[in-house]
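First the structure, in the form of structure tokens, and then the observations on it.
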Number of protein chains: 2
Amino acid sequence: MASESSSNAERAGEILVHLGNAGVDGMSLQALALALGDAKSATRRALVALSKRGFVEPAARYGHYRLGPAIFGLANRTTSVTELVRRYRPAVTEVAAITQQSSYLMVRAGFDAICVDMHEGTAFVQTLTGGIGGRVPLGIGPGTVSILTLLDDPLALSILDHNAPRFGQYNRADMAKVTRELDRARALGFSYDIGETYPDAGGVAVPIVSSRGNTAAAVSIAIPASLLTQKRAEEIAGVIRAAIGKCAPA
Amino acid sequence: MASESSSNAERAGEILVHLGNAGVDGMSLQALALALGDAKSATRRALVALSKRGFVEPAARYGHYRLGPAIFGLANRTTSVTELVRRYRPAVTEVAAITQQSSYLMVRAGFDAICVDMHEGTAFVQTLTGGIGGRVPLGIGPGTVSILTLLDDPLALSILDHNAPRFGQYNRADMAKVTRELDRARALGFSYDIGETYPDAGGVAVPIVSSRGNTAAAVSIAIPASLLTQKRAEEIAGVIRAAIGKCAPA
DNA sequence: ACATATATGCCGATTATTGGAACTCATCAT
DNA sequence: ATGATGAGTTCCAATAATCGGCATATATGT
């Protein structure tokens with residue numbers, strides 16, 4: 001996949017994202033270069049640049065690289081997110097407890113949504129989002145659609161346009177389908193999905209109107225499609241909204 | 001301070017480090033440009049590049065930037081560090097409990113050491129390292145010296161050479177003083193410091209010989225200089241070493 | 001409402017990056 | 001233990017990018 005990496009700093013971010021999905025063993029140079037669509041020499045250069053501050057470090061296997069301690073260290077400094085998690089964790093756990101399903105706290109990160117907190121439910125699909133730290137393109141899944149409702153329309157559309165090439169992997173052949181979901185979510189105040197993203201999987205999400213702007217987030221659940229109807233979705237949305245409401249603004 | 005930023009990806013890392021020390025309110029563009037020693041236009045360019053993936057996001061104040069959710073998301077994927085913390089946390093807490101002082105788990109990140117775990121003691125100096133995520137140049141403080149003992153001599157020396165300009169801020173006028181500490185630490189198997197880095201502050205550190213190479217780490221404590229003698233340092237080193245030993249290799 | 005500082009666009013020159021191929025090294029099989 | 005294979009690493013000149021500065025419009029905080 002040729003990614004339009006204009007700046008070199010973007011490439012650095014791209015590398016970090018890819019290594020984040022790699023695990024302890026990391027990735028080899030050529031695997032990274034292939035994923036980025038760049039030459040090995042260019043990839044390596046960025047790699048050593050990131051190594052200088054410890055954002056990347058050599059893995060156990062020869063010539064493999066993985067995320068370094070600098071990332072971990074910085075995580076405790078992302079106060080905007082840590083505060084968000086601390087405040088809304090009660091909602092995430094409560095929603096999971098009531099619905100008996102896995103619940104997630106998703107926040108916007110560029111063109112994607114990232115899962116920053118979750119609570120495993122008793123049943124069914126676990127980690128549709130790939131667990132904490134998992135990235136999903138905005139427009140894929142109800143959680144991300146709810147986040148989009150918090151954004152200005154031109155911004156939301158530009159994001160959808162950017163992500164359109166990736167929709168095919170998720171039964172989103174045409175973008176119109178996603179924009180319809182977005183419109184519905186704006187009207188209802190929540191977003192739901194019955195087997196439209198993943199077969200047999202459904203979801204419900206309620207956006208979090210952040211007290212002090214800028215961070216767009218949502219609380220969502222994953223639930224078997226067989227258990228979900230529009231009426232049930234409304235009920236669940238009410239549960240989520242109530243749980244969010246209990247989390248007082250700092 | 002003019003930093004020799006050869007690559008552009010380095011600049012990205014530099015920005016992340018600076019923003020990590022900024023807090024929720026983030027930093028203004030000009031403050032960042034000044035800290036990096038670059039033009040505002042170049043700094044802004046890198047900033048928007050990092051924003052595309054959510055590594056950086058606009059803060060509440062207009063024109064201010066802070067760390068974004070992507071950093072938080074990646075932290076759970078730095079398996080090398082999370083495993084290290086999970087394994088040696090018992091040692092950190094035990095050392096703090098026995099010595100009644102703050103204890104730290106430090107790992108190498110490029111030319112610095114980063115505090116990845118800590119346990120506040122009852123007394124005295126808290127957070128000499130700046131808390132979890134805090135960076136300290138390798139060579140400053142016993143924890144970092146112990147880490148240096150895990151490295152090859154040429155590498156350790158090159159790191160010290162790189163950090164030499166920063167030693168002045170910490171009563172390290174000449175590098176010889178640091179190399180002497182390093183030699184002593186190699187000989188003793190641990191490192192200690194009595195009021196040499198910060199007045200009235202002392203510290204003891206024991207390196208962690210990582211089962212599967214690559215990651216260099218150490219467990220250290222901070223203690224009032226008045227309570228520390230070489231004999232006491234040896235005792236404390238024994239405590240730390242014992243605690244580390246209890247943390248069985250995975 | 002005024003002043004400050006940002007966001008954004010542009011443009012020429014310098015600079016670093018790019019991509020390829022040769023070299024070196026670690027790993028794997030024998 | 002040794003050789004063969006497949007990596008990763010280094011070097012190079014040409015290319016393409018970035019850089020830095022400036023001007024304008026905008027948003028903010030006093």
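Chain identifiers are assigned alphabetically (A, B, ...) following the order of the sequence lines, protein sequences preceding nucleic acid strands; residue numbering begins at 1 within each chain.
- When distances run from any side-chain atom of A:Y62 to the nucleotides C:dA7, C:dA26, C:dG19, the shortest one goes to C:dA26.
- The interatomic distance linking B:R61 (CZ) with D:dG29 (C1') rounds to 10 Å, in whole Å.
- With rounding to whole Å, B:H64 atom NE2 is found 11 Å from D:dG29 atom C1'.
- The only option from A:V92, A:V219, A:L105 that meets the side-chain contact (heavy atoms from CB on, under 4.5 Å) definition with A:I244 turns out to be A:V219.
- Computed from coordinates, the B:Q30 CD to D:dG20 C1' distance equals 17 Å when rounded to whole Å.
- Note: CG (B:L47) to C1' (C:dA5) measures 15 Å, nearest angstrom.
- When distances run from any side-chain atom of A:R45 to the nucleotides D:dT28, D:dC19, C:dT17, the shortest one goes to C:dT17.
- To the nearest angstrom, P of C:dT6 lies 11 Å from CG of B:L32.
- Among the nucleotides D:dG8, C:dG19, D:dG20, the one closest to any side-chain atom of A:A39 is C:dG19.
- Set against D:dC19, D:dG8, C:dG19, the side chain of A:S28 has D:dG8 as its closest nucleotide.
- Taking 4.0 Å as the cut-off between side-chain N and carboxylate O, A:R186 and A:D153 count as a salt-bridged pair.
- With C:dA26, D:dC11, D:dG20 as the candidates, the nucleotide lying closest to the side chain of A:S41 is D:dC11.
- Summarising the geometry, the separation between CD on A:E10 and C1' on D:dA17 is reported as 14 Å, rounded to the nearest angstrom.
- Residues B:R166 and B:D112 are paired through a salt bridge, judged by an N-O separation under 4.0 Å between the basic side chain and the carboxylate.
- Of the listed nucleotides (D:dT9, C:dA7, D:dC12), D:dT9 has the atom at the smallest distance from the side chain of A:K40.
- Phosphate proximity of C:dA7 to B:Y65: present, with a side-chain N or O under 4.0 Å from OP1 or OP2.
- Within 4.0 Å of A:L29, counting heavy atoms only, lies at least one base atom of the nucleic acid.
- Rounded to an integer number of Å, the gap from CZ of A:R44 to C1' of C:dA16 is 15 Å.
- Between B:R66 and B:E57, at least one side-chain nitrogen of the basic residue sits less than 4.0 Å from a carboxylate oxygen of the acidic one, meeting the salt-bridge criterion.
- Atom C1' of nucleotide D:dA17 and atom CG of A:D38 are separated by 13 Å, given to the nearest angstrom.
- Checked options A:L155, A:V145, A:L138, A:V178; the residue passing with A:L160 is A:V178 (criterion: side-chain contact (heavy atoms from CB on, under 4.5 Å)).
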